[in-house]
Amino acid sequence: MEKKKNTAREAVSILRGLVSDRSYSFVATIAICHAKRAALSHFNADISCSDDIIGNLIEAVRENDKDGRIVSLVGEVFASGRYFANPEEAVRKVYGMFPDDSDELAKIILDIELEEDLASRLMRYDGITPRSVAELAVKVLDIADGNSVADFGTGTGSFLVRASREADCELVYGCDVNSTSVAIAKMRAEVMGSTAVVEQADMFHIDGMFDRCFSNYPFVMKMGGFKDKVLELLGLQGYEGIPRFQSSDWLFNLQLVSRLKEGGKAVGVMTRGSSYNGADEKIRHHFIENGWVEAVIALPEGMFSPYSGIPTTMIILSKGNEEVRLIDASGLCQKSRRETTFSDDDIANIMRLLSEDSDGLSKRVAYKELADDGFILNPEWHLGETIEVRDGISIENLSLKITRGSGWGKKQLEEFNSNTPTEFKYLMLQNIVDGEIEDDLPCLTEIDSSQDKYCIKDGDLLLSKIGPNFKVAVANVPDGEKVLATGNLYIISFDQEKVDSRYVKLYLDTDQGAAQLRRACVGTTMPSIPTKAFGDILIPMVNLDEQAKIIERYEELRREIAIHKTAIDKARKKIASLLDEGQEKLV
């Protein structure tokens, strides 16, 4: 087996020097391998010395290609001029490397790993399911003899190959909208056997029910009016009362559920943010209330690198669940410079965690607990270290007003920018350094009265909206000045009879406070704190006298730090002067 993989790798290596773009080398390799297999069954004689080897190979492929998708791709590779400057030279070189045995060629077609070195940039993310994700999905689905298995968005067939080897399936079905992916998957399906079927189709417009379903669907897809059409189709199948949602992940998950036979199981790969963001809370509620979520697995970072850096989650769907198994597999992986993968032991550990609790890694969560937490399905939220805040009161209950900064953008700020000092200033995120607001803030010629509500007052707490490394500062606004806070900041005015804003800042700067801020975040690429989260961020309360003592000690330590900083600056200047003195003596 390894020998055949090396043959394919050698072919790819040779073709990288002959193709017009290195990214075409994998597609060209599999096309030549498939064409040779077709030629062995179509021609009685060896055609390697034929004057028209390319024409003969295309003819052989066409003979058994019912819908013409494979021959279309092979013809493009061999004869279009897009792939090769000299197609005949390239094809002859690699054709002779492959064995003259149809079964051996079939093994090569099945065994080529698209996810690793042989993967092509041409396929990009749309055509690739990482090897580790496909292997874990096959194990999770527990495919048995006689099952019908579907892969929606099959790409180049990586999952289907593994599914067909796992058991003697009644049907292995794949569909995809990308014609190149479909052609390659059909080449592989042809050698899987008569039960394998691949077609070019949209997963939302297929018929049939399946025992096992898998989909590594597109991340962050724009749905537009397409969403309403899909929901209408689902409504006709009896899936009514679906609440509003934002992420396309849940549209794909709905389709997976709707394609399951009684007792069936599905696996989807979704973005992490969809498991906990506020915009999808109602649809998560709907799935959990209907008992459709069996388990959720947080996947390691980098699993889809370099195609995508978005944090991902594997969701396991079935019907009749009363609890949800949550697993944090983010640390169960093997990391190298180029990729993140699961070892056999990692997959075995994840499978074990699907059936047993493990502190910090796996537990079953009941409906009520999920309901109390906004139906969050992020394993890290439920399995992370518990944050216990003694005598905690929420920021929402301690504050008089929580306002997001002004919506003025760069254009408006430039319009009112002043190069000379004025009483009007503005504060941006970059003006908060080491927990302090810079003294020399940029000035404006004026601040329109419509922006007054975005102006900070002395003692207000400023908190950056975007994380995960949050900035916190307390405003010190001189008399007669107006300072406008920009949009990436929250302005929090506290009830001074309850809490001192400096005390709140001190707590939010602690590890526990920072952990609460991170847990309050929503979103994937730019995690941020929604306004409603301030009802969940707790501050450990002591009386005002105790707060004053803590603040006084804090101010003493700040002054001490300032003294040390001054001493360090002086020492650095002395070091620089030593070099200057040495140069003068040399002169």
Side-chain angles (χ1 to χ4, degrees), residues 219-220 222 246-247 249 270-281 298 301-302 308-313 330 374 376 378 380-381 384 387 394-396 398-399 401-414 425-438 441-442 451 453-456 460-475 483-494 501 504-539:
F219 299 153
V220 199
K222 292 182 179 180
Q246 177 176 296
S247 170
D249 292 345
M270 59 191 288
T271 60
R272 186 76 49 83
S274 302
S275 71
Y276 61 80
N277 63 23
D280 290 326
E281 179 179 336
E301 289 185 11
S308 174
I310 295 176
T312 53
T313 294
S330 58
I376 287 173
N378 181 11
E380 294 166 311
W381 174 278
I387 301 174
S394 71
I395 287 180
E396 183 179 68
L398 291 170
S399 64
K401 183 173 64 172
I402 299 175
T403 308
R404 186 174 174 181
S406 170
W408 272 13
K410 183 179 179 181
K411 184 177 180 181
Q412 290 97 331
L413 292 171
E414 286 179 348
K425 300 183 178 181
Y426 66 93
L427 171 67
M428 297 184 293
L429 193 57
Q430 65 199 53
N431 299 126
I432 299 176
V433 180
D434 294 332
E436 301 291 336
I437 298 173
E438 293 178 326
L441 294 177
Q451 299 296 305
K453 62 182 176 180
Y454 305 117
C455 291
I456 61 177
D460 282 349
L461 185 87
L462 285 305
L463 172 65
S464 58
K465 183 176 185 291
I466 298 171
N469 299 314
F470 292 93
K471 291 187 174 184
V472 189
V474 175
V483 180
L484 181 74
T486 54
N488 285 329
L489 291 165
Y490 277 117
I491 309 164
I492 306 176
S493 301
F494 286 103
S501 54
V504 176
K505 173 190 167 7
L506 282 175
Y507 173 71
L508 294 179
D509 281 338
T510 65
D511 290 342
Q512 188 183 74
Q516 284 205 71
L517 293 177
R518 288 194 297 271
R519 286 190 63 171
C521 284
V522 299
T524 52
T525 53
M526 294 183 68
S528 60
I529 298 178
T531 305
K532 70 175 186 177
F534 290 111
D536 298 319
I537 300 173
L538 304 179
I539 306 300

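Among Phe534, Phe470, Tyr454, the one residue that satisfies the ring-ring contact (aromatic ring centres under 6.0 Å, His included) test with Tyr490 is Phe534.
Closest heavy-atom contact between Ser501 and Leu461: O-CD1, 3.7 Å. Scanning both residues, Asp536 and Gln516, for their nearest heavy atoms gives O-OE1, 3.6 Å. Taking all atoms of both residues into account, the shortest heavy-atom contact from Ser464 to Lys471 is OG-N, 2.8 Å. Between Ser399 and Glu396, the closest heavy-atom pair is OG-O, 3.2 Å. For the pair Ala475 and Ile437, the tightest heavy-atom approach, listed with the atom from each and the gap, is CA-CD1, 3.9 Å. Considering every non-hydrogen atom in both Gly535 and Ser394, the closest pair reads O-CB, 3.4 Å.
Contact annotation: the side chain of Ser406 never approaches that of Thr486 to less than 4.5 Å [non-hydrogen atoms, C-beta and beyond]. Taking 4.5 Å as the limit, every side-chain heavy atom of Leu429 sits out of range of all side-chain heavy atoms of Ile466. A heavy-atom distance below 4.5 Å is not found between the side chains of Ile456 and Leu489. For the pair Ile395/Ile402, a side-chain contact is recorded, criterion being any heavy-atom separation below 4.5 Å from C-beta on. In this structure the side chain of Asn431 reaches within 4.5 angstrom of the side chain of Pro442, judged on heavy atoms. Within the 4.5 Å cutoff, side-chain heavy atoms of Ile432 are placed close to those of Leu427. A 4.5 Å side-chain heavy-atom check between Arg404 and Ile491 finds every atom pair outside the cut-off.
A distance-only check finds a donor-acceptor pair linking the side chain of Asp280 to the backbone of Gln246 [under 3.5 Å]. In this structure, the side chain of Gln412 engages the main chain of Gly409 through a donor-acceptor pair within 3.5 Å.
Atoms CG and CG, on Leu462 and Asn488 in that order, are 12.0 Å from each other to the nearest 0.5 Å. For the atom pair Phe494 CZ and Ile539 CD1, the distance stands at 6.5 Å (nearest 0.5 Å). Note: Ile537 CD1 to Leu508 CG = 7.5 Å, rounded to the nearest 0.5 Å. Annotation: the span from Leu517 atom CG to Gln512 atom CD amounts to 11.0 Å, rounded to 0.5 Å. Separating the CD1 atom in Ile310 from the CD atom in Glu301 is a distance of 12.5 Å, to the nearest 0.5 Å.
Take Asp509 and apply the side chain to side chain donor-acceptor pair (under 3.5 Å) test, not counting sequence neighbours, and it matches Lys505.
Around atom CD of Glu281, more than 12 heavy atoms belonging to other residues, nucleotides or ligands sit under 6.0 Å away.
Under the 3.5 Å distance criterion, with hydrogens and angles disregarded, no donor-acceptor pair is assigned to the side chains of Gln451 and Tyr426.
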For this session: For the pair Ile492 and Val504, evaluate side-chain contact (heavy atoms from CB on, under 4.5 Å) and give the outcome as yes or no after the intermediate values.
Result: CA-CA 11 Å; Ile492 306 176; Val504 176; over 6 Å; no
